[in-house]
Amino acid sequence: MMLDFEKITGIVRLAAAAFAVAVGMLGPALGIGYLTGKALEAIGRNPEASGKIQTTMILAIAFVEALAIFALVVSFIILFG
């Protein structure tokens, strides 16, 4: 029994989209964890500056999360494009 070209293409697209999301989410997940840990260390050392540190941390998390959204968009383009 032979698979036709469209089924093979669909399987490859699904695998490529899953791989793009997996690899694309790994970096931002590690980045957010590292960023949060360092911010908590800084707050622990200097509690008076917690407001400034927290604001900067949230802004940086938003930028890092944008990379995850880009990976998701790329996977959608691979899957449906």
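Note that the structure is predicted; figures quoted are calculated from it, not measured.
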| field | Any residue meeting side-chain contact (heavy atoms from CB on, under 4.5 Å) with Leu35, in chain and number order, not counting sequence neighbours | value |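 With neighbours one apart ignored, the set is Met57, Ala60, Ile61.
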| field | Ala42 to Ile53 - nearest heavy-atom pair and separation | value |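 Heavy atoms of Ala42 and Ile53 come nearest at CB-CD1, 3.7 Å.
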| task | Provide the closest heavy-atom pair for Ile78 versus Ala16 in the form atom of the first, atom of the second, distance. | result |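 Shortest heavy-atom contact: CG2-CB, 3.8 Å.
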| task | If a pair satisfies salt bridge (charged side-chain N to carboxylate O under 4.0 Å, His left out) and one of its residues is in residues 33-61, list it, with sequence neighbours excluded. | result | Lys38-Glu41, Glu41-Arg45
| query | Among the clusters formed by ILVMFWY side chains lying less than 4.5 Å apart, do Val73 and Val23 turn up in the same one? | reply |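 Hydrophobic grouping puts Val73 apart from Val23.
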| request: Please answer: with hydrophobic residues joined when any side-chain heavy atoms are less than 4.5 Å apart, are Leu79 and Met25 in the same cluster? | output: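 Yes, it is one cluster - the side chains of Leu79 and Met25 are joined through contacts under 4.5 Å.
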| field | Side-chain donor/acceptor of Ser50 to backbone N/O of Pro47, under 3.5 Å | value |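 The answer is yes, because a donor-acceptor pair under 3.5 Å joins these two groups.
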| Distance-only, no hydrogens or angles: does the Arg13 side chain make a donor-acceptor pair with backbone N or O of Ile8 under 3.5 Å? |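 No; judged by distance alone, with no hydrogens or angles, the pair does not exist.
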Could you give the side-chain donor-acceptor pairs of residues 62-71 under 3.5 Å, partners two or more places apart or in another chain?
none

| note | Taken to the nearest 0.5 Å, the spacing of Leu14 CG from Thr9 OG1 works out to 12.5 Å
